[in-house]
Amino acid sequence: MTETQAPIPDIEAASRRVRELSERMLETSKQNGLSWLEAYEHVLDSMLKLEQQAAKGSQVEWINTLATTHADFVREMSSVYLSTVRDQLA
């Protein structure tokens, strides 16, 4: 019967490489998540500004008030949500 030795150094090296790769993937995912979050925030703000400009263009006071109230509400709610997500990614 022949005795086989377990390739422990190979397993340890592979385990270290997998761990390093996992850490790099997590860091890259966080960076991409933050970039996406910033882009989303910018697009949302642009859409809300457009909504308010369109309402002002109607020259009907209640439409302007409604659009402004809606935009303010969405900004406040998204600010809380996006800051929570940003904290989780950081």
Side-chain angles (χ1 to χ4, degrees):
M1 198 168 4
T2 61
E3 205 174 298
T4 59
Q5 292 182 338
I8 293 175
D10 291 341
I11 292 173
E12 290 174 358
S15 174
R16 182 176 33 80
R17 287 192 305 265
V18 168
R19 188 174 30 259
E20 290 170 358
L21 180 61
S22 295
E23 289 171 1
R24 283 187 290 177
M25 287 176 59
L26 283 172
E27 186 59 35
T28 301
S29 296
K30 286 180 182 181
Q31 290 172 353
N32 289 340
L34 288 171
S35 295
W36 180 89
L37 199 61
E38 289 173 10
Y40 178 79
E41 220 169 359
H42 180 71
V43 168
L44 181 62
D45 188 54
S46 296
M47 288 175 49
L48 293 172
K49 285 178 183 177
L50 180 63
E51 176 184 348
Q52 287 180 299
Q53 288 174 351
K56 285 179 185 176
S58 74
Q59 298 179 354
V60 177
E61 186 60 34
W62 70 268
I63 292 177
N64 188 19
T65 302
L66 179 64
T68 301
T69 302
H70 176 259
D72 290 343
F73 175 77
V74 171
R75 277 191 189 98
E76 288 179 26
M77 291 299 108
S78 64
S79 174
V80 171
Y81 174 75
L82 295 174
S83 68
T84 301
V85 172
R86 187 176 288 107
D87 290 345
Q88 294 296 317
L89 291 173

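Atom set for the values below is all heavy atoms of this structure, side chains included, hydrogens, waters and symmetry mates excluded.
In this structure, Gln59 places its CD atom where only 12 or fewer heavy-atom neighbours from other residues, nucleotides or ligands lie under 6.0 Å away.
Qualifying side chain to side chain contact (heavy atoms under 4.5 Å, CB included) partners for Ala13, counting only residues two or more places apart in sequence or in other chains: Arg16, Arg17. Residues that satisfy the ring pair (Phe, Tyr, Trp, His ring centres under 6.0 Å) test with Phe73, not counting sequence neighbours, are absent from this structure.
Among pairs with a residue in residues 31-40, none fulfils side-chain hydrogen bond (donor to acceptor under 3.5 Å, both in side chains), at least two apart in sequence or across chains. Legend: side-chain hydrogen bond (donor to acceptor under 3.5 Å, both in side chains) pairs involving residues 48-58, not counting sequence neighbours, sorted by first then second residue: Asp45-Lys49, Glu51-His70, Gln52-Arg75.
Connection of Tyr81 to Val43 is not established within any shared hydrophobic cluster, with ILVMFWY side chains joined at heavy-atom distances below 4.5 Å, either directly or through further cluster members.
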For residues 83-90, dump all side-chain donor-acceptor pairs below 3.5 Å to protein atoms at least two apart in sequence or in another chain.
residue : atom : partner : partner atom : Å
Ser83   : OG   : Ser79   : O            : 3.1
Ser83   : OG   : Val80   : O            : 3.0
Thr84   : OG1  : Val80   : O            : 2.9
Arg86   : NH2  : Glu41   : OE1          : 2.6

Taking only distance into account, with no hydrogens and no angle test, what donor-acceptor pairs under 3.5 Å do side-chain atoms of residues 21-30 form with protein atoms, sequence neighbours excluded?
residue : atom : partner : partner atom : Å
Ser22   : OG   : Val18   : O            : 2.9
Thr28   : OG1  : Arg24   : O            : 2.9
Ser29   : OG   : Met25   : O            : 2.9

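Residue Ile63 belongs to a hydrophobic cluster whose other members are Val60, Trp62, Leu66, with links defined by side-chain heavy atoms closer than 4.5 Å.
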